[in-house]
Every structure is written in C-alpha cells, then in structure tokens.
Protein chains: 2
Amino acid sequence: MKINKCLDCNIKSVAAQYLSEDELTHLQNQCASVDFKPGEVIFKQGALSSNIIYIKRGLVKLHIQGPHREQIIKITKSPKYLGIPTTIHEKINQYSATALEPTSVCFIDIETFKNFIYNNGKFAYEIVVDLCQNELKTFKQCVNRTQKQIKGRVAEAILFFSNDIYNNDEFILPLTREEFANLTDTSRESVCKTLNEFHVDKIIELDSKKIKILNRKLLETISEKG
Amino acid sequence: MKINKCLDCNIKSVAAQYLSEDELTHLQNQCASVDFKPGEVIFKQGALSSNIIYIKRGLVKLHIQGPHREQIIKITKSPKYLGIPTTIHEKINQYSATALEPTSVCFIDIETFKNFIYNNGKFAYEIVVDLCQNELKTFKQCVNRTQKQIKGRVAEAILFFSNDIYNNDEFILPLTREEFANLTDTSRESVCKTLNEFHVDKIIELDSKKIKILNRKLLETISEKG
DNA sequence: AAATAAATGTGAAATATCTTACATTTTTAC
DNA sequence: GTAAAAATGTAAGATATTTCACATTTATTT
C-alpha cells in the first residue's frame with residue numbers, strides 16, 4: 001500500500017479533472033493505491049463500506065449473492081469509479097467487487113469524496129452524469145437478461161467483451177464457464193453447450209478461453225433477436 | 001398547465017429543501033405543474049428528453065420496450081424525481097413513464113436543474129444519494145427477477161405494493177394482469193394462475209384487482225426462497 | 001512427477017414456463 | 001342500452017432450460 005501522487009496522476013477520472021490543485025493535494029493525503037491479482041476481492045458484500053474505489057488499471061466484476069446463485073451484475077474496466085452507490089449513504093456493502101485481471105485501484109476516503117461533491121459543482125455534475133449512465137446501462141441489461149433466451153444472452157456477452165472491453169474480435173475470456181453462467185443468468189452446462197453450438201456453426205472460433213468472432217453480423221442478429 | 005409556486009410548495013424533495021429563496025424563485029419561473037390521469041403518458045421512450053420530472057402526487061410506472069415485450073422496470077410514487085438518467089447527458093428518452101393513478105408532476109427545465117447541481121453542493125449531494133439508492137434497488141430487483149421463479153416474483157410484487165406503495169395489507173392493484181406480467185417478467189396467463197393459486201392456498205384474498213394479504217409470513221417465505 | 005482438486009464437456013431425464021386456443025367477464029364507446 | 005373492445009380465466013400441448021450423472025481435461029499442490 002503506497003501513497004499515490006494524485007497531482008501528477010495521468011489517469012484521472014473525468015470528474016477529478018475538475019479538481020483544483022488544493023483539492024488534489026488534499027486527495028493525495030486521503031487516498032491509497034492498491035494492486036489486486038485476478039480473483040482477489042476488492043470489497044465484499046456484507047462488509048462495512050468505507051471507501052470509494054477508483055479503478056486506475058484493470059478489469060473488475062461486481063457481483064451479488066442471490067437467493068439461488070451468485071450473479072455478476074456488471075463487468076467494468078478502468079478508468080471508473082466503483083462502489084459509489086454502496087458507500088454513499090450505506091453502511092454495509094450491498095455487493096462485492098473482484099478483480100478479473102491485474103488491477104490497480106485507489107481507495108478514496110468517503111468524507112473527502114463527499115466534500116468534493118459539496119464544494120465543487122463541476123465534480124458533482126460529472127459524478128451525477130456517471131451515475132445516470134450506470135442506471136441506464138443497468139436498465140438495458142436487466143431487460144436483456146430477462147427477455148432474451150440463452151443464445152441471445154451469450155451472444156450479447158461475447159459482443160460486450162469484444163466491443164466494450166477488448167476492442168478486438170479476438171480475446172481471452174477473463175471468466176470461467178461458471179462465472180460466464182453467472183453473468184448470463186444460466187447454468188454452466190448451458191453456457192458450454194451454447195458456446196460449442198456457436199463454434200460448430202462457425203460464428204466463433206473457440207479454444208477453451210480464447211474466443212474469436214468469425215461472423216459478427218450473425219452474432220449481432222442473435223443478440224438482438226434474443 | 002399552470003405555473004406552480006415553488007416557494008410555498010410543501011411537498012418539496014429532500015434536495016429542494018436545500019434551495020435558497022433566490023433559487024426557488026428562479027425555479028418557479030422555469031417549472032410547470034401538470035396533472036395526469038391513469039394511463040396517460042408522462043414521457044415516451046424515443047422522444048426528445050428536455051425536462052426533469054418531479055412527482056408531487058401519484059404513482060408512475062417506468063417502462064422499456066424490450067426485444068419481446070414491454071417491461072416495467074420500476075414503479076415509483078411521490079415524492080420522487082423521475083427521468084434524471086434519461087435527461088442528463090441524453091438527448092432521447094431511454095424509457096417511458098406512464099401514470100398509474102391520478103398524478104401531478106412538475107416539469108423542471110434541465111438547465112435550471114443543472115445549475116442547482118453546479119452551484120448548490122447540498123442539492124447536488126442529495127441528488128447523488130437519490131441516484132445511488134436507485135441503482136442499489138435496480139441491482140436487487142434485477143437479481144430477484146432473474147433468479148426467482150414465478151411464485152417468488154409474484155409474491156415479491158404483492159409485498160412491494162403492500163409495503164412500499166400502500167402501507168397496507170389490503171390494496172387495489174393499480175395494474176392490469178398484462179401489466180402485472182410485464183412487472184414480474186412473465187406471461188399474463190402465468191400471473192392469473194399464480195394469483196389464483198395464492199388465493200386457493202389462502203395466502204391472499206383476491207377479488208379482481210383487490211388484494212388482501214392473509215398470510216404474510218408465508219408470502220415472505222415464498223418471496224425469499226423464490 | 002504424481003496426486004489431488006478444479007474446471008470443462010456432453011447426453012438424457014425432469015421441470016418450469018410459454019404458447020395456443022377458447023370461454024367468460026368487464027369496460028368503453030356509440 | 002346495446003355493441004364492440006378490452007381484460008380475464010383456464011386447460012392442454014409445446015418448448016426452453018435445468019438438473020443430474022458421469023467422462024475428460026486442465027490446473028494446483030506436495
């Protein structure tokens with residue numbers, strides 16, 4: 001755990017770009033940078049929430065323990081604030097965050113963060129915008145998850161990694177089949193079957209965790225039609 | 001459409017309670033109060049978004065047109081801001097809002113609202129808190145919807161109306177069976193069957209739209225176990 | 001390097017839910 | 001007040017998905 005130099009940080013959030021030199025100096029004293037390996041828990045559902053997390057580098061899953069299984073509610077990469085909803089106005093974390101790839105995060109003191117909202121309107125506005133876009137994404141995701149059937153949900157997840165995370169037709173899936181099932185709201189077995197079906201139909205190339213999109217058009221159609 | 005007197009308004013939002021007299025005077029000139037009957041659309045998915053909505057009185061459903069059916073993503077009663085996510089930083093409404101009961105709302109000019117966030121830290125903070133709590137609720141709801149089976153989801157919806165909307169064991173369901181299905185992510189027929197099952201099992205009393213909870217404990221168990 | 005644990009693949013049976021089809025009731029419009 | 005439209009109820013067959021059971025591969029530990 002080392003103290004980070006916020007003033008010189010070149011991976012600031014949009015909101016933090018509106019902080020003054022004085023505010024950044026203050027942040028520097030109330031903020032710690034920590035590294036996580038894949039699989040390591042950043043914060044845990046049920047634990048006391050005390051810091052806002054800022055992902056500087058890496059990939060993280062947010063997950064909730066549901067009545068029947070673990071559910072991945074969101075996968076998010078840097079740069080991004082994490083856990084604002086579960087820290088502001090909540091004593092206990094309502095969900096967990098776990099690193100999927102080597103990840104560096106800043107732990108920001110909640111009072112410092114609150115004071116920025118109180119005293120810096122541009123910072124506050126950017127945080128509001130970020131929260132709003134989160135909610136819109138969550139709505140859409142919820143509609144997708146509940147209305148599409150498995151093929152559509154798996155296709156959507158593949159496109160998500162390709163478009164939103166790796167910007168590449170080819171990527172290494174950062175999840176086990178079990179986790180992929182928790183993301184697509186289905187069973188491990190159904191994920192295996194569906195991925196292999198896509199493989200047989202030459203929609204994707206599949207070599208354990210390596211996925212390459214071969215027929216993007218068709219994948220998009222499957223994702224949209226559900 | 002009449003101009004509302006914000007200064008004298010006794011159903012201000014928590015955030016608006018932090019507005020100064022000057023700010024309220026300004027709001028008064030940039031804000032219009034409108035009444036809606038049940039079934040009337042307040043704003044529509046796909047239309048240009050231009051105002052923040054504040055529900056002064058009534059009950060509203062937020063709904064999205066999904067790939068296969070209409071989905072009710074949220075039911076919310078006064079006092080509450082609506083459509084912040086779909087108005088801030090978005091040009092087009094990402095979802096619709098429709099009145100379920102006689103409803104009065106204020107249309108607040110987006111620039112006025114933005115300026116309050118920029119210039120009034122306490123107002124901004126309350127908006128952030130509200131958005132955070134929305135996101136947490138949406139997460140939980142999404143987990144419930146995707147993991148529970150029909151009985152659990154219907155039980156949950158009945159408890160929602162009883163606990164969160166009407167604060168009463170007995171209430172008139174403000175939805176058709178079709179809408180109830182759109183809320184619980186199932187078909188109209190399955191809703192009918194499940195409600196009648198609960199009725200036969202003496203968990204609820206059911207007379208078309210009138211519902212009375214007879215066995216709350218059991219209903220809660222069904223809701224939790226899914 | 002061997003042994004153990006974890007992850008993955010695959011088919012068949014079990015099950016929840018949807019769809020279809022139609023009867024009945026309630027609401028709305030003229 | 002009657003006709004038309006919308007909403008509701010109910011059963012049976014169709015279907016998507018899960019669960020179970022087990023084989024196989026890959027990773028981890030000693």
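Values below: all heavy atoms of this structure, side chains included; hydrogens, waters and symmetry mates excluded. Since this is a predicted model, take the numbers as computed values, not measurements.
Spacing between atom CD of B/Glu189 and atom C1' of D/dT8 amounts to 10 Å, rounded to whole angstrom units. Taking atom CG on B/Asp185 and atom P on C/dT17, their separation rounds to 12 Å, with Å as the unit. Straight-line distance from the CG atom of A/Asn182 to the P atom of C/dA7: 12 Å, rounded to whole Å. Atom CG in B/Asp207 sits about 13 Å away from atom P in D/dT8, given to the nearest Å. Separating the CG atom of A/Leu173 from the P atom of C/dA7 is a distance of 14 Å, rounded to the nearest angstrom. Separating the CD atom of A/Gln147 from the P atom of C/dT19 is a distance of 11 Å, rounded to the nearest angstrom.
Taking 4.0 angstrom as the limit, B/Lys193 places none of its side-chain polar atoms (N or O) nearer than this to OP1 or OP2 of C/dT17. At D/dA16, none of the side-chain N or O atoms of A/Ser190 fall inside 4.0 Å of OP1 or OP2 (strictly under the cut-off). Side-chain nitrogen and oxygen atoms of B/Arg188 include none within less than 4.0 Å of the OP1 or OP2 phosphate oxygen of D/dA7.
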Hey, mind stepping through A/Phe113 and A/Tyr81 against ring-ring contact (aromatic ring centres under 6.0 Å, His included) and telling me if it holds?
CA-CA 11 Å; A/Phe113 192 86; A/Tyr81 285 109; 5.6 Å; yes
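Residue B/Ser208 is classed as having no contact, given no heavy-atom separation below 4.0 Å to the nucleic acid. Residue contacts shown for B/Lys151 are absent, as no nucleic acid heavy atom lies under 4.0 Å away. If you check every strand for non-hydrogen atoms under 4.0 Å, B/Ser187 touches a base. Among the protein residues, B/Lys148 comes within range of no part of the nucleic acid, since none of its heavy atoms lies under 4.0 Å from any strand.
Take B/Arg57 and apply the salt bridge (Lys or Arg N to Asp or Glu O under 4.0 Å) test, not counting sequence neighbours, and it matches no residue.
Screening B/Lys137, B/Lys140, B/Glu135 for a side-chain hydrogen bond (donor to acceptor under 3.5 Å, both in side chains) with A/Gln94, the sole residue that qualifies is B/Lys140.
Relative orientation of the A/Tyr166 and A/Phe171 rings is parallel, given thresholds of 30° and 60° on the angle between their planes.
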